[in-house]
Amino acid sequence: MSELVIPRFIFYIIQFLRDGYSEPDSSSDKDIQKTLQALEPQISFLEDLTKMGGAMRTVLTQVLTNQQYYKDLSCGSAENTCTESHEKYLTALKGSGLAFPEEKPSSAIQEQGTSAMPVQETAGATAASAQSESSDEEDQDDRSSVGKRKRVKLSTSAKDPSIMDVLKHKCFLEELLFWTVKYEFPQKMVTFLLNMLPDQEYKIAFTKTFVQHYAFIMKTLKKSHESDTMSNRIVHISVQLFSNEELARQVTEECQLLDIMVTVLLYMMESCLIKSELQDEENSLHVVVNCGEPLLKNNTYWPLVSDFINILSHQSVAKKFLEDHGLLVTWMNFVSFFQGMNLNKRELNEHVEFESQTYYAAFAAELEACAQPMWGLLSHCKVRETQEYTRNVVRYCLEALQDWFDAINFVDEPALNQVTFHLPLHRYYAMFLSKAVKYQEIDLDSILPDQEMLMKLMVHPLLIQASLSEIHSNMWVRNGLQIKGQAMTYVQSHFCNSMIDPDIYLLQVCASKLDPDYFISSVFERFKVVDLLTMASLHQNTVLDSDHERSMLEGALTFLVILLSLRLHLGMTDDEILRAEMISQLCMNDRTHSSLLDLIPESPNPKSGILLGSCSFESMLSSVADFKAPVFEPGGSMQQGMYTPKGEVWDQEFDPVMVILRTVYRRDVQSAMDRYTAFLKQIGRCPGNPWPPYKKRTPLHPSYKGLMRLLHCKTLHIVLFTLLYKILMDHQNMSEHVLCMVLYLIELGLENYPEDEPCDEDTAGPDRCHDSWFPGSSLLCNMRHVINYVRVRVPDTAPEVRREPPASTSSDSHSSAHNSGTAQVFSLVAERRKKFQEIINRSNSEANQVVRPKTSALKWTAPGSTPQLTTVILEVKESMLSLLIKLHQKLSGKSDSYCPPWLSDPDCLTQADLSKYAHGDGVTAVERILLKAAMKSCLNKLSIDEICRKAAPPVPPKKSSPAEKKTLDKEERRQKARERQQKLLAEFASRQKSFMETAMDIESPESDVAMEIASSEQQVSEPTYDCVICGQSGPSTEDRPIGLVVLLQATSVLGHRRKISEPKKLPTSEEEEQIYLDGTCAAVHDVRLTILQRHFKDSSCLQSVSIGWEGGVYVQTCGHTLHIDCHKSYMESLRNDQVLQGFSVDKGEFTCPLCRQFANSVLPCFPGNNVERGLWQNHTHGNKSTRELILEVEELQEQLGTFPSETNLSKEMEAVMKDIKSATQKKFTDYSKTLGSPDNDFLFMYSVARTNLELELVHRGDNLCSGGASAAGKRSCLSMCLKSKNEQR
């Protein structure tokens, strides 16, 4: 009975589906939905049959898979077959194949020439012919803009006609699945097909049918309007079929599943390819995916990628993939479609009109389509037996990279103002290298390319690191916020394992194998700070604005520190990596368990087997953090429990380098340092502002020992020496962060000194001495080497230009000048290119090989070609050790501050206790470096002793307490700064005079000299201020004023004072409050003003009284100063900050950038040579009577008016007046009878000064000449208020 009824019933459903289907262009979707609704009872009946047990499912399986049933009913007599429905079926078959345009005609011709084919196969061949004609035109239109490219060649097995061409159905199950796909997977049909899966024979047949239709499924998905719904239903089916390893292996062998999947992926992506504009926009042959296409924006590809990752999780399937060279070539071609996608071009003139959000699709595509399959393959390459698999991947990855370099016409210089964050081929190569060395014990050199290829490999990852600094320096601000979003996503925890970490590792590999001088030169060239690395006080940067030099220099040095310190792929175990990641996140902020779990980078593929360590997450967390239990807040809500680092973690394991690497927001680095500082102050280890601690690194894997050569190359030593000199001489764009990174690199070099090199011999072979800066590449030797004279190129306006050349009477001095003057740091570019050319010429076997021209638009100005530069000889006579000792004096603020510890404790060199130097400020860091240098070299110790003896006469070592050593009076430091500035100004005056005499050929009269000296003295007398944001010191000027960080608060404390001394009780009702107000200071002055206004002129009254007793403004400060423009930039950054602040930035509220105390305004500091200040200083008041002083005040009041012109200072004074007025209520600021009277404003400002004077008297016990101010964190602004009041008159 079942053999008669069920086949016809199923065929009835198929015929109904045939009749009800119409192409989208000829019918609406409503007709298709009506067909499905009409079939619901029949499909429900089949679904009920599947629930009747295994016997019924077996019958259904036999009917669905029996080819004879299908042939008899589908291709039998005319009474069983409807001609119209069959024609619709054949029409629907058109376009079900996946042949490429140039391959389709041949396939069709071959099939048409075959005899004795069944009816449906003949129809399939006809459809293939029609498909080839229609698709050729369509594909031509779609790919007209792609340009030339190398066509991907598929493996032979993938060209089976049943896969590549039109589908051919042989049973009900195949056509039923075909119509299920055509109708976009209706839920009822999907449920029926899945309910049959318990039958093993059906499961195998259905899986093979699903694979047969796989290309057609993805083709339909690509065109669907409901791709999300369809994707979910496809994955719902495929995950149950491909999760079984045995079944996945079977269909892989019998149905070429891997070939089909890779082929379909290529087909899907080919429809959205565009010509790449990276490097050589006109002649590039490379194509990339267009991230603006719906295919990528809507993640339409994810069901296929999900299936591919699923089957690669099976070892037997992944093994077949890794063994198939054709598949690997095809896969690398697919990955190359994402290489260089979403290219960013820096906007230099105008802001972009529309900020594209395609980077979301780009990052998602690389992570899902490239990185996750990579992690799946890596999970099967973790034992020595799989070495061949890794070698295969590395081989074809290198071939794809070489093809990519050729396609974009890349030689050695990247194009200007371009960056892409997407280099999946580089990252494939890097991660397989890492696992090959770590798990498979493969010799690194055996899988590395030649030197020329390594030089090319490092360029684009290095360019990304430089671009990150450019983006954070606001050099890409015209590209909008989306470029910052890309930079943040690149380092974000979900992406860093697959993006920045492989990039850093690849750069570490390149650095370990390439010439270190070449690598260091390349770094500073990519960061565009080569011109800054000169010992001259002024320079010309041909590619970078001066505003960005400091941040780019900081970025370059920070990158070098990260490169040389990071050990994630260079020797750390999985448990050590997990611990380091956990500590870095906890040091930024306390974390909840869930947020910490989310922030720890993990393998993107959960089935990959790449775990963060054998130690469980919970046990590791308990070893590094303490749990703070949830607490109830005053409002009734409960605060979540948080994990905070243990004390020993802060003391021994806090790693600022790891924190910098893992921070998405720059403020998190400062947050970690603030927490570190708070811990040290809590335990009493460092009373000042500590520097980031130096953390000893995990030993390097032997394969990467060459990385430490960077620390022992002369190019880096030249850079370090130059920066130490510039910091000591207070050159522009030098910051504390630069000094910190320089000292960190020196200490890394001392800690990683080559054991096989002698440390106390000044030997240098001819091959190691390409210039005359240093005798060799040994850091220990070069630290004590004295540089006497350096030849530098400076602008004509530099102070060094008019300096007379130093006398060199001795041969030693002349020799030093000759040797040291031949090398310049700014020749790094020429040095780098020379080494690159040497390697290219070495790798070319042909003697007549033509050198390839440079294709880059990046043009660096060679030394000597700029006419505006002048060559001068700069007298230096310093070594690194002497510079470090002088920096110690500068940082401590004391002359002869450094006393070698071995003078008082000779055993410190052999049994040094470095733990006391573990935490501290810059002084401590310098002391630690000098001690390590002396411990490793006796000659360095003698050199340090000699430098100290020359700096000060020999005296017995004075033992001082740590408190005395660290404490320095503020006035003493300021006096030192004044003396330094006075010396520089006097020197500048003498140079100016010399220039006037020689260039202008005139004699300078004595009066002019006197005038210059007088003016310089007047300048020296100006007070100097330190900006806590930019770190620069200088006087406040009208063009660029400096302000005092202040807190403005309304106060009525003075108004509550009473003449009687007996205490009053606090009022408890409105009546008592009115009684309480009688007799107060505020009430008395209010009555006094009312009486005066009744009998005298309003203007006269307002100049005779003081208000502010009630609703006055109290001005307090933390004592820190900053430039007004720096403050505005700081406020703008707070407004753009996404984190919820505890204050209102829109109301002008902020926290001091240095001490984090609350503030709401900035009070401008007036220039020291201000006219009014001079008028007051020129009057002596000691012997004058009160009447004479009053007359002088009246005279000055008549002379003083408004500002002669509008300056930045006057604008800021107007702004601070508004801030002061808004700090209190309007009723306390307006006492005039005439609305808007200027006398009212003057009265208010006078009263603010009076209020602060009175409050200061209260703090000091009614005596300004004795006693101290309040011990609170805020301090009085009395003097500044008096100046401001005086200036506003």
Residue pair His701 / Ser703, side-chain donor-acceptor N/O under 3.5 Å: yes
No-hydrogen, no-angle side-chain donor-acceptor test under 3.5 Å, Asp531 and Thr542: yes
Whether over 12 other heavy atoms sit under 6.0 Å from Leu481 CG: no
N/O donor-acceptor pair under 3.5 Å between Lys275 side chain and Glu282 backbone: yes
Side chain Gln279, main chain Glu413, donor-acceptor under 3.5 Å: yes
Salt bridge (Lys or Arg N to Asp or Glu O under 4.0 Å) evaluation trace for Glu470 with Arg526: CA-CA 11 Å; Glu470 291 181 2; Arg526 293 291 163 259; over 6 Å; no
Results of side chain to side chain donor-acceptor pair (under 3.5 Å) for Asn733 - residues two or more places apart only: Glu549
Short side-chain to backbone donor-acceptor contact, Lys726 and Thr534, under 3.5 Å: yes
Pair Gln486, Asn344: side-chain N/O donor-acceptor within cut-off below 3.5 Å: yes
Listed once per pair and sorted, the side-chain hydrogen bond (donor to acceptor under 3.5 Å, both in side chains) pairs that draw on residues 560-570, sequence neighbours left out: Ser434-His569
Tyr429: partners by ring-ring contact (aromatic ring centres under 6.0 Å, His included), with sequence neighbours left out: none
Whether Ser473 side chain and Met475 backbone form a donor-acceptor pair below 3.5 Å: no
ring-ring contact (aromatic ring centres under 6.0 Å, His included) against Phe432, all qualifying residues, sequence neighbours excluded: none
Exam field: side chain Arg666 to backbone Ile660, donor-acceptor pair closer than 3.5 Å: no
Ring pair (Phe, Tyr, Trp, His ring centres under 6.0 Å) contacts in which one or both residues fall within residues 463-484, not counting sequence neighbours: none
Any side-chain donor near an acceptor of the partner, Thr390 and Gln440, under 3.5 Å: yes
Side-chain donor-acceptor pair present, Tyr704, Tyr505, cut-off under 3.5 Å: yes
Within residues 482-509 or reaching into it, pairs that qualify as salt bridge (Lys or Arg N to Asp or Glu O under 4.0 Å) - sequence neighbours excluded: Arg427-Asp503, Asp501-Arg662
